[in-house]
Amino acid sequence: MWKGKAKATELTEADFDDLDPVITYRHLLSHNLGVKDPLRVVALCDSDAFYAACEQVRLKVDPAIPLVVRQWDSLIAVNYPARKFGISRMDKADDALKKCPELKVVHVATYKEGEKEPGYWDKPDTKTHKVSLDHYRRESVKIYNMFKEGLPGAEIEKASIDEAFVDFTRPVREKLMERYPYLSQPPTDAPDGLDTPLPPPPPISWDGLGTVIPTTPEPTDDNNEHSSTCEDDTLATWHDVALSMAAEMMGKVRVDIHSKLGYTTSAGIGRNKFLAKLTASYRKPNSQSILRNAAIPNYLKPMPFQKIRFLGGKLGKALAEEYDVKTVGDLLTISLEEMQRKFGENSIWVYEILRGIDRSDVKEKSAITKSMLASKNLPKPIVKTSEGHHWIRVLAAELALRLNEAREASPTLWPRTIVLHIRQGYQTSRSKQAAFPFVRNVTVDIIAAAGDKLWKELVGARDGAPGSMPFKVSSVQLSFTGIESMNAAQQSIEGFFKNRGSSDAEGSNLKRKREDDTSHSMDSDQAISELPTASFTCDRCRKRIHLPEALRDISLDEDIRAEALAALRTEHSDFHLAQELSKAPDKSSGGAKFRPNTPTRKKNKQKETSGITKFFSRQ
DNA sequence: AAAGAGGAT
DNA sequence: ATATCCTCTTT
């Protein structure tokens, strides 16, 4: 074991001191050890050259054909066949074509004002079009969903458009108990009971599970025997068994993703997020690599630390310059105190990372994002308000599309604020924000109107017109922030947002909404007439009935407030109805029997529907 | 609320 | 290297 071999000149023993912890029955059987679980297993899976793969799949081209995704004159994705020609993302599209005349060049989807959907054009004009990454987002969600479905019990954190972390600890533990039932309790004669160490693990066959990173330094000249079977100098541990099980599961999903969606992925499996991420890039593309604890020191030491997540930027550079070093091994000689003195208290995080420790959690993060931003850089700065409005409309169209699409999956989503950023001249960027009203039909017009208002505050009445202050806007960004699901409301008014997007959600425009409103105005007349309160008094029980907390404090459309109130009223009267019926059970009235959870009105469609259930159901 | 920083691809 | 996107922190 490497522990014993640490040379006196190196700090390795103290540095990597938890690589082979004793694992007891208590560890195995307790469930909430979190990041301290000695059997923790985390994976990172990312899609290879994702945007390029998306286009390759979309266009059904042979994956072996060199393909790049172009954005104006530069490249934003290069698939692996194209990389063989020395093409990289830094290249200009023209240069790439020179390197490989056969190259398939796909320009990213774009759209311009008036177009409802982005489209693919050979030569879009940056003066009139903006790019859309929508297709990639959608494909990304598909992959995420395959992880969710294929890995029950695992925690999944979407890390970026093409990456997700998976915490395998729970599913691995289940598999462990299932495959080795004798682990379910310590031997009856064990002196320490639950604190007895686990028996030696069974031999592991890594066959078909991926590349196991060697425990000894990478093969150089003489040292060159590393089959992926684990005939290592280090004994396998139960953690290694855990890793192999995760590898098995991850391998299956990856194959599934490939066969169902056509994307190849690369996965890294290790004991925490940071190591998983690093391990994923060990071999690419279409690969899976496993980092055993025993392999950590030698894997980490020669690693240029600026490759490490969060050390790729400023901090990494500062460290490199301060100590004039570049590998993890170089930095291991720096004491915690020294590092903290130079780089602040927080550098304990760095100190631990260098030693393979990462306490950050894989936190279940859905594919739902907290913000949505659409932006356009203007190669030729604009000088007229009309141009500003033009671009705001384009950006608003994109946001409308994206928000409504996100609502198909999660109807309760709504953005708290809308923000407009503009850059004038060089590097001054200013912004204004405003609360975004809670509207069902988020249309281009609503967003654009909000954006225009912010523009006015930001740029003022100034215009390129003679006599007024001129301006030069070189970038416009419109975004939603604080996107949330409305869970509290959902709980208190059941089904409030249900069915949205499932039936015929597409006919959504203002006109249509008005029609709908009048169609059930019979029911809500009363409520609408006594407009903007947040509550009403029931005639029957004389009680004051309030809107749910979550709906009260937010900026609600008056329309919607009234409707919500109307729906609440209906719901409340249903309650009375239910009470009466339960006292005097219905024996008359033909076929329709009262069922507590399935009010008959739900079946009776349009006219009678007015409950809050229906509220967001169609427009 | 506004601005900025940082990071990723 | 540039355009775009996202999150978090500071003021």
Side-chain angles (χ1 to χ4, degrees), chain A residues 44 46-54 68-79 83 87-96 107-111 118 124 126-127 129-137 139-140 157-165 266 277 280-281 284 306-318 344 346 360 363 365-379 391 394-395 398-399 402 406 415-424 427-436 454 457-458 474-484:
Chain A
L44 177 110
D46 72 291
S47 302
D48 303 319
F50 185 53
Y51 293 177
C54 285
V68 297
V69 180
R70 175 176 185 167
Q71 173 178 281
W72 313 131
D73 285 329
S74 44
L75 304 182
I76 54 174
V78 180
N79 76 356
R83 291 183 200 187
I87 298 169
S88 85
R89 275 207 314 221
M90 274 86 231
D91 293 330
K92 294 290 189 187
D94 292 343
D95 300 333
H107 196 288
V108 65
T110 58
Y111 61 98
T126 181
K127 290 195 204 73
H129 288 66
K130 93 168 281 299
V131 325
S132 161
L133 304 179
D134 241 16
H135 180 64
Y136 311 138
R137 285 191 204 97
E139 294 299 290
S140 172
E157 175 183 335
K158 191 179 172 185
S160 77
I161 196 160
D162 71 339
E163 295 179 323
F165 285 103
S266 297
K277 166 88 182 168
S281 55
K284 279 184 163 185
Q306 285 174 317
K307 275 196 196 169
I308 292 171
R309 204 163 73 120
F310 300 132
L311 293 183
K314 256 187 155 178
L315 180 55
K317 192 160 178 255
N346 291 349
S360 62
K363 44 181 181 279
K365 245 193 313 189
S366 64
I368 296 164
T369 52
K370 295 173 192 164
S371 72
M372 271 180 200
L373 176 146
S375 67
K376 175 67 188 174
N377 278 5
L378 302 154
W391 283 113
V394 174
L395 302 178
E398 178 173 335
L399 289 182
R402 284 169 59 185
R416 274 183 192 271
T417 50
I418 181 170
V419 189
L420 179 71
H421 278 260
I422 60 170
R423 201 174 72 216
Q424 299 185 73
Q427 211 161 41
T428 42
S429 172
R430 294 187 307 137
S431 71
K432 281 279 181 193
Q433 56 193 304
F436 191 74
L454 293 171
E457 293 174 36
L458 218 40
S474 56
S475 144
V476 187
Q477 305 184 321
L478 195 60
S479 56
F480 286 138
T481 65
I483 300 173
E484 285 173 12

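Residue A/R137 places at least one side-chain N or O under 4.0 Å from the OP1 or OP2 atom of C/dC6. Remark: A/S160 is not in phosphate contact with B/dT9, judged by side-chain N or O atoms under 4.0 Å from OP1 or OP2.
A/L458 has its CG atom 12 Å from the C1' atom of B/dA3, to the nearest Å. In this entry the distance linking CD1 of A/I161 with P of C/dC6 reads 8 Å, nearest Å. Between the CG atom of A/L478 and the P atom of B/dA2 there is a distance of 14 Å, rounded to whole Å. Put simply, CD on A/Q424 is 11 Å from P on B/dA3, counting in whole angstrom units. Remark: C1' of C/dA3 and CG of A/L395 are 13 Å apart, rounded to the nearest angstrom. Rounded to an integer number of Å, the gap from A/K432 NZ to B/dG4 P is 14 Å. We find that CD of A/E484 is positioned 12 Å from P of C/dT7, with the value rounded to whole Å. In this structure, CD1 of A/I483 is placed 16 Å from C1' of C/dC8, rounded to the nearest angstrom.
In the set C/dC5, C/dA3, B/dA3, C/dC5 carries the atom at the smallest distance from any side-chain atom of A/L133. Residue A/Q433 places its side chain closer to B/dA2 than to any other of C/dC5, B/dA2, C/dC8. With distances taken from any side-chain atom of A/R89 to the nucleotides C/dA1, C/dT4, C/dC5, the minimum falls on C/dA1. Set against C/dC5, B/dT9, C/dT7, the side chain of A/S375 has C/dC5 as its closest nucleotide. With B/dT9, B/dA3, B/dA2 as the choices, the nucleotide that has an atom nearest any side-chain atom of A/R430 turns out to be B/dA3. Looking at the side chain of A/T417, the nearest of the listed nucleotides C/dC5, B/dT9, B/dA1 is B/dA1. Listed candidates were B/dG6, C/dC5, C/dT7. Nearest to the side chain of A/K314 is B/dG6. Of the candidate nucleotides B/dA2, C/dT4, C/dC6, C/dC6 has the atom nearest to the side chain of A/R402. Of the candidate nucleotides B/dT9, C/dT4, C/dC6, C/dC6 has the atom lying nearest to any side-chain atom of A/S371. Comparing C/dC6, B/dA8, C/dT7 by their nearest atom to the side chain of A/R309 picks out B/dA8.
Using a 4.0 Å heavy-atom cutoff across all strands shown, A/V419 reaches no nucleic acid atom at all. At the heavy-atom level, A/K317 lies nowhere under 4.0 Å from the strands shown. At a threshold of 4.0 angstrom between heavy atoms, the contacts of A/K376 are confined to the sugar-phosphate backbone, with no base atom among them. Within 4.0 Å (heavy atoms only), A/E163 reaches sugar-phosphate atoms of the nucleic acid but no base atom. If you check every strand for non-hydrogen atoms under 4.0 Å, A/A374 touches sugar and phosphate atoms only. Heavy atoms of A/E457 sit nowhere under 4.0 angstrom from any nucleic acid atom. Among the heavy atoms of the strands lying under 4.0 Å from A/F310 are primed sugar atoms or P, OP1, OP2 only; no base atom is included.
Residue-environment remark: NZ (A/K284) exceeds the threshold of 12 foreign heavy atoms within 6.0 Å.
Using modelled atom types, one finds no donor on one side chain facing an acceptor on the other under 3.5 Å when comparing A/D134 with A/S132. In this model, no donor atom of one side chain and acceptor atom of the other lie less than 3.5 Å apart for A/K307 and A/S281. Using modelled atom types, one finds no donor on one side chain facing an acceptor on the other under 3.5 Å when comparing A/S371 with A/S479.
Residues A/P379 and A/M372 each lie close to DNA chain C; by heavy-atom proximity, the contact nearer the 5' end of the strand is made by A/P379.
Taking the charged nitrogens against the carboxylate oxygens, A/K277 and A/D46 have no contact shorter than 4.0 Å, which rules out a salt bridge. Between A/K92 and A/D95, none of the side-chain N atoms (NZ, or NE/NH1/NH2) sits under 4.0 Å from a carboxylate O, so this pair counts as no salt bridge.
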Exercise for review: Could you walk me through whether A/S140 and A/K158 pass side chain to side chain donor-acceptor pair (under 3.5 Å), step by step?
Suggested key: CA-CA 9 Å; A/S140 172; A/K158 191 179 172 185; 2.9 Å; yes
